[in-house]
Amino acid sequence: NVIIVNQNKNESFDSNENVTFQTLNDFNYSSVNKNDTVIGFNYPDLPSKFTNMDDKPNLIHWCTLLPEQSSYDLFKDNCNLDSWNEFIFVSYYQQHKFLEKYDFKGKTTVLKNGISKYFEKENLFPDNQFKIENKKLQMIYTSLPQRGLPEVVKVFNIVKEKVPDITLEIYSSMHLYQMNEQDNNSDIQNLYNQIKQIDGINYHPSISQKELANHVKDSLLYVYPCVEEETSCICLMEAMASGCICLVNNIGALYETSAGYCDLFNSNNDDNIRNMADKIIILCQNNLKKIQKQIIHQIEFTNKFYNWNRNV
């Protein structure tokens with residue numbers, strides 16, 4: 001049996017007869033033995049739970065974070081590292097960052113993230129017909145607010161001057177991470193209140209993945225001037241699968257995730273916001289049918305390589 005232990009319940013995964021998903025609070029450590037495999041999801045302290053067990057299970061660490069996280073100071077202890085059978089990373093960029101700090105003795109592998117079933121081609125484009133002219137003239141932002149929401153608003157305000165009919169659809173909430181913006185970050189709540197007053201910007205509350213998939217599919221442009229280093233980006237994968245023209249900052253693993261299909265911008269460049277906006281203006285003024293084949297190839301690539309069934 002395979003048991004994935006996560007801090008919170010993850011609705012993206014479904015348990016089956018071979019794999020179960022449990023939270024840290026619910027997991028019964030004494031119920032497993034050497035025939036089981038326990039995967040600790042961002043949980044470097046997992047080996048300590050089995051110190052006094054004779055029949056220890058196989059332990060795999062599945063990591064989506066960066067090595068600078070304080071919890072990974074535990075990896076400085078060779079006893080901790082030796083207790084794991086394998087380490088899974090979500091990008092080669094992230095793997096390299098960890099290998100610079102720790103000696104995993106060859107026990108690492110890269111397992112790319114994947115899109116949810118609602119973003120798969122058979123659900124978004126069941127007739128196998130993608131037509132870019134069916135897209136709405138709108139930008140969309142679907143990541144956490146602190147990763148680039150103020151920046152995407154700046155991009156939109158510049159674009160709006162030249163493309164007055166364009167809108168910006170924002171689906172960004174801390175609720176997905178069991179956090180409340182009003183309780184935890186007044187700056188974020190103030191930001192939400194400000195952008196709701198801007199003409200052409202539509203802020204939406206947290207919605208289901210099924211609903212979100214249709215809104216991303218409708219959007220012409222996925223705009224992500226990210227300012228935080230990421231190890232992988234499922235939001236970007238979903239936008240690529242939805243047939244969006246994607247414009248993102250070249251920071252962290254976004255270059256790797258984009259796989260050559262997205263327009264990349266230097267996040268350290270002071271003209272970054274203007275450059276991204278100018279590119280969007282040019283795209284909106286041109287005949288987009290000429291990039292139809294490129295977007296179709298992007299959709300095919302994403303469904304093939306960012307697919308949980310394939311990767312797992």
Side-chain angles (χ1 to χ4, degrees), residues 4 9-19 21 90-91 111-144 152 165-173 175-176 202-224 232-248 254 256-263 280 283-284 286-312:
I4 297 180
K9 184 174 176 56
N10 194 324
E11 301 294 344
S12 300
F13 300 120
D14 296 319
S15 295
N16 57 47
E17 63 217 25
N18 297 317
V19 180
F21 298 88
V90 294
S91 67
L111 176 66
K112 299 276 186 172
N113 283 323
I115 57 177
S116 79
K117 61 184 178 182
Y118 301 112
F119 286 89
E120 292 176 359
K121 180 181 175 183
E122 61 185 32
N123 292 318
L124 286 184
F125 309 105
D127 56 358
N128 205 32
Q129 290 294 319
F130 167 79
K131 294 183 179 179
I132 198 166
E133 60 265 30
N134 291 337
K135 291 276 192 178
K136 295 179 181 178
L137 184 59
Q138 62 188 35
M139 298 162 48
I140 191 166
Y141 181 92
T142 60
S143 188
L144 290 173
V152 79
D165 293 333
I166 199 168
T167 63
L168 170 59
E169 309 298 318
I170 296 174
Y171 296 87
S172 178
S173 174
H175 291 295
L176 297 176
N202 300 308
Y203 170 74
H204 307 271
S206 179
I207 59 175
S208 68
Q209 280 276 294
K210 185 176 182 179
E211 294 175 288
L212 179 62
N214 287 319
H215 291 294
V216 181
K217 172 188 174 182
D218 288 340
S219 301
L220 177 64
L221 300 151
Y222 176 79
V223 184
Y224 191 32
S232 177
C233 186
I234 296 178
C235 292
L236 177 56
M237 294 176 184
E238 293 169 345
M240 292 169 64
S242 303
C244 298
I245 301 173
C246 300
L247 302 93
V248 301
L254 291 184
E256 184 177 334
T257 302
S258 67
Y261 290 101
C262 309
D263 286 300
I280 294 171
L283 285 168
C284 292
N286 287 342
N287 181 3
L288 295 176
K289 286 186 178 181
K290 61 185 179 181
I291 62 172
Q292 166 96 2
K293 289 184 178 180
Q294 176 185 331
I295 299 297
I296 290 175
H297 194 243
Q298 170 186 295
I299 294 170
E300 297 288 349
F301 172 90
T302 310
N303 275 264
K304 181 177 180 180
F305 293 103
Y306 298 149
N307 182 296
W308 283 120
N309 291 329
R310 174 188 185 273
N311 293 348
V312 176

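Given the structure is predicted, the values throughout are model-derived calculations rather than measurements.
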Quick one: side chain to side chain donor-acceptor pair (under 3.5 Å) partners of [X], sequence neighbours excluded?
| X | answer |
| --- | --- |
| K135 | none |
| E211 | S208 |
| E300 | K121 |
| T167 | E169 |

Could you state the interatomic distance from [atom1] ([X]) to [atom2] ([Y]), rounded to the nearest 0.5 Å?
| X | Y | atom1 | atom2 | value |
| --- | --- | --- | --- | --- |
| L288 | L221 | CG | CG | 8.0 Å |
| I245 | D263 | CD1 | CG | 8.5 Å |
| M240 | C246 | CE | SG | 6.5 Å |
| L111 | W308 | CG | CH2 | 6.0 Å |
| Y261 | L236 | OH | CG | 12.5 Å |
| K304 | T302 | NZ | OG1 | 12.5 Å |

If every non-hydrogen atom of [X] is compared with every non-hydrogen atom of [Y], which pair is closest and at what distance?
| X | Y | value |
| --- | --- | --- |
| C262 | V248 | CB-CG2, 4.4 Å |
| I166 | C284 | CD1-SG, 4.2 Å |
| Q209 | S116 | OE1-OG, 3.0 Å |
| I115 | E238 | CG2-N, 3.9 Å |
| C244 | I295 | O-CD1, 4.1 Å |
| I207 | H215 | CD1-CD2, 3.7 Å |

May I have the step-by-step check of side chain to side chain contact (heavy atoms under 4.5 Å, CB included) for S91 and T257, ending in yes or no?
CA-CA 8 Å; S91 67; T257 302; 6.0 Å; no
Hey, does the side chain of [X] reach the backbone of [Y] with a donor-acceptor pair shorter than 3.5 angstrom?
| X | Y | answer |
| --- | --- | --- |
| Q292 | I132 | yes |
| S219 | M139 | no |
| Y118 | L212 | no |
| N113 | V90 | no |
| N123 | F119 | no |

Apply ring pair (Phe, Tyr, Trp, His ring centres under 6.0 Å) to F125 and list each qualifying residue two or more places apart in sequence or on a separate chain.
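Per chain and number, F125 pairs via ring pair (Phe, Tyr, Trp, His ring centres under 6.0 Å) with F130.
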Once ring pair (Phe, Tyr, Trp, His ring centres under 6.0 Å) is applied, do any residues pair with Y141, and if so which ones, sequence neighbours excluded?
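By the ring pair (Phe, Tyr, Trp, His ring centres under 6.0 Å) rule, Y141 matches Y224.
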Restricting to side-chain contact (heavy atoms from CB on, under 4.5 Å), what partner residues turn up for K289, sequence neighbours left out?
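Residues passing side-chain contact (heavy atoms from CB on, under 4.5 Å) with K289: E133, N287.
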Q129: which residues meet the side-chain contact (heavy atoms from CB on, under 4.5 Å) condition with it, sequence neighbours left out?
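D127, K131.
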Kindly indicate whether the side chain of E256, heavy atoms from C-beta on, has any atom under 4.5 Å from the side chain of K112.
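Yes. Closest side-chain heavy atoms under 4.5 Å.
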I'd like to know whether Y222 forms a side chain to side chain contact (heavy atoms under 4.5 Å, CB included) with V216, so could you lay out the CA-CA distance, the side-chain angles of the two residues, the decisive distance to 0.1 Å, and finally the verdict.
CA-CA 8 Å; Y222 176 79; V216 181; 5.6 Å; no
